[in-house]
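Below you'll find the structure, written out as structure tokens, and then a few comments.
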Amino acid sequence: MNLNAQDLSKHQWKDRLILIVAEEKNEKFQQQLTELQKHQQGLNERKLVIYQILPDTYSTSFKAENWQQSSELYNKYKAEKSDFRVILIGLDGGEKLEQTEVLSAEKLFNTIDSMPMRQAEIRRNK
């Protein structure tokens with residue numbers, strides 16, 4: 001088990017995280033991946049790293065060969081009464097949004113764009 005790879009705090013102040021947690025690769029899991037893959041530029045602009053988390057494995061990319069064996073993230077973030085959960089973690093490491101339905105890119109981006117740190121990023125990049 002590679003605990004360093006699962007230490008989400010390594011992203012603090014550098015990346016925002018989307019955790020897609022599912023019991024298996026179910027329909028919502030696939031829909032969520034498809035939704036996010038359509039908006040790669042927006043994800044990159046907002047410094048988003050995607051974690052796909054299944055019961056015994058996880059991946060931090062959309063590529064099939066990058067899966068790691070571990071159940072630690074799944075056990076920490078799985079939903080109590082749902083087989084699917086998506087979580088947004090901000091630059092400060094805090095949970096900013098959590099739901100058990102597919103998260104639209106529009107809602108995701110609007111949530112992030114309303115955050116004070118993102119507002120500062122937008123002003124700096126003008």
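Smallest separation of non-hydrogen atoms from V102 and F84: N-CE2, 3.9 Å. Across P55 and S71, no two heavy atoms sit closer than the pair O-CB, 3.0 Å.
Between the Q12 side chain and the D92 main chain, a donor and an acceptor come within less than 3.5 Å of each other. With hydrogens and angles ignored, the 3.5 Å screen pairs a side-chain donor or acceptor of S114 with a backbone N or O of T111. Side chain of S104 to main chain of K107: a donor-acceptor pair is present (N/O by atom type, distance under 3.5 Å, no hydrogens or angles).
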Apply side-chain contact (heavy atoms from CB on, under 4.5 Å) to E23 and Y74, showing your working.
CA-CA 9 Å; E23 284 187 12; Y74 179 82; 3.0 Å; yes
Can you list the steps and then say if L103 with L97 is a side-chain contact (heavy atoms from CB on, under 4.5 Å)?
CA-CA 10 Å; L103 175 61; L97 177 68; 3.6 Å; yes
Tell me, with the steps shown, if Y58 and L19 meet side-chain contact (heavy atoms from CB on, under 4.5 Å).
CA-CA 10 Å; Y58 73 97; L19 309 183; over 6 Å; no
Verdict with reasoning, L88 to L48, per side-chain contact (heavy atoms from CB on, under 4.5 Å)
CA-CA 9 Å; L88 169 62; L48 279 160; 4.0 Å; yes
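K28 meets the side-chain hydrogen bond (donor to acceptor under 3.5 Å, both in side chains) test with E101; sequence neighbours excluded. In this view, E45 and Q41 satisfy the side-chain hydrogen bond (donor to acceptor under 3.5 Å, both in side chains) rule, not counting sequence neighbours.
Note that CG of L17 is 11.5 Å distant from NZ of K96, once rounded to the nearest 0.5 Å. Considering OG1 of T57 and CG of N66, their distance stands at 12.0 Å, rounded to 0.5 Å. In this structure, the separation between CG on N75 and CG on D56 is 8.5 Å, given to the nearest 0.5 Å. Note that the CG atom of L33 and the NZ atom of K38 stand 12.0 Å from one another [nearest 0.5 Å]. To the nearest 0.5 angstrom, L36 atom CG is 6.5 Å from L108 atom CG. With rounding to the nearest 0.5 angstrom, the CZ atom of R85 is 11.0 Å from the CD atom of Q99.
When hydrophobic side chains of Ile, Leu, Val, Met, Phe, Trp and Tyr are connected at separations under 4.5 Å, L91 ends up clustered with W13, M117.
Of the charged side-chain nitrogens involved, none lies within less than 4.0 Å of a carboxylate oxygen, so that E95 and R16 do not count as a salt-bridged pair. A salt bridge is defined here as a Lys NZ or Arg NE, NH1 or NH2 lying under 4.0 Å from an Asp or Glu carboxylate O, and E121 with R118 meets this definition. Using a cutoff of 4.0 Å between basic side-chain nitrogens and carboxylate oxygens, D15 and K47 are not scored as salt-bridged.
For the residue pair Q31 / E35, no side-chain donor-acceptor distance below 3.5 Å is found, with atom types taken as modelled.
Side-chain contact between W67 and Q52: present, with at least one pair of heavy atoms (C-beta onward) separated by less than 4.5 Å. You'll find the side chain of D83 stays beyond 4.5 Å of the side chain of F29, heavy atoms only.
Under the side chain to side chain contact (heavy atoms under 4.5 Å, CB included) test applied with Y51, the options V21, L73, I18 reduce to a single match, L73.
Within a 6.0 Å radius of CD in Q119, more than 12 heavy atoms belonging to other residues, nucleotides or ligands are found.
A cation-pi arrangement is found for R46 relative to F109, the charged atom lying closer than 6.0 Å to the ring centre and inside a 45° cone about the ring normal.
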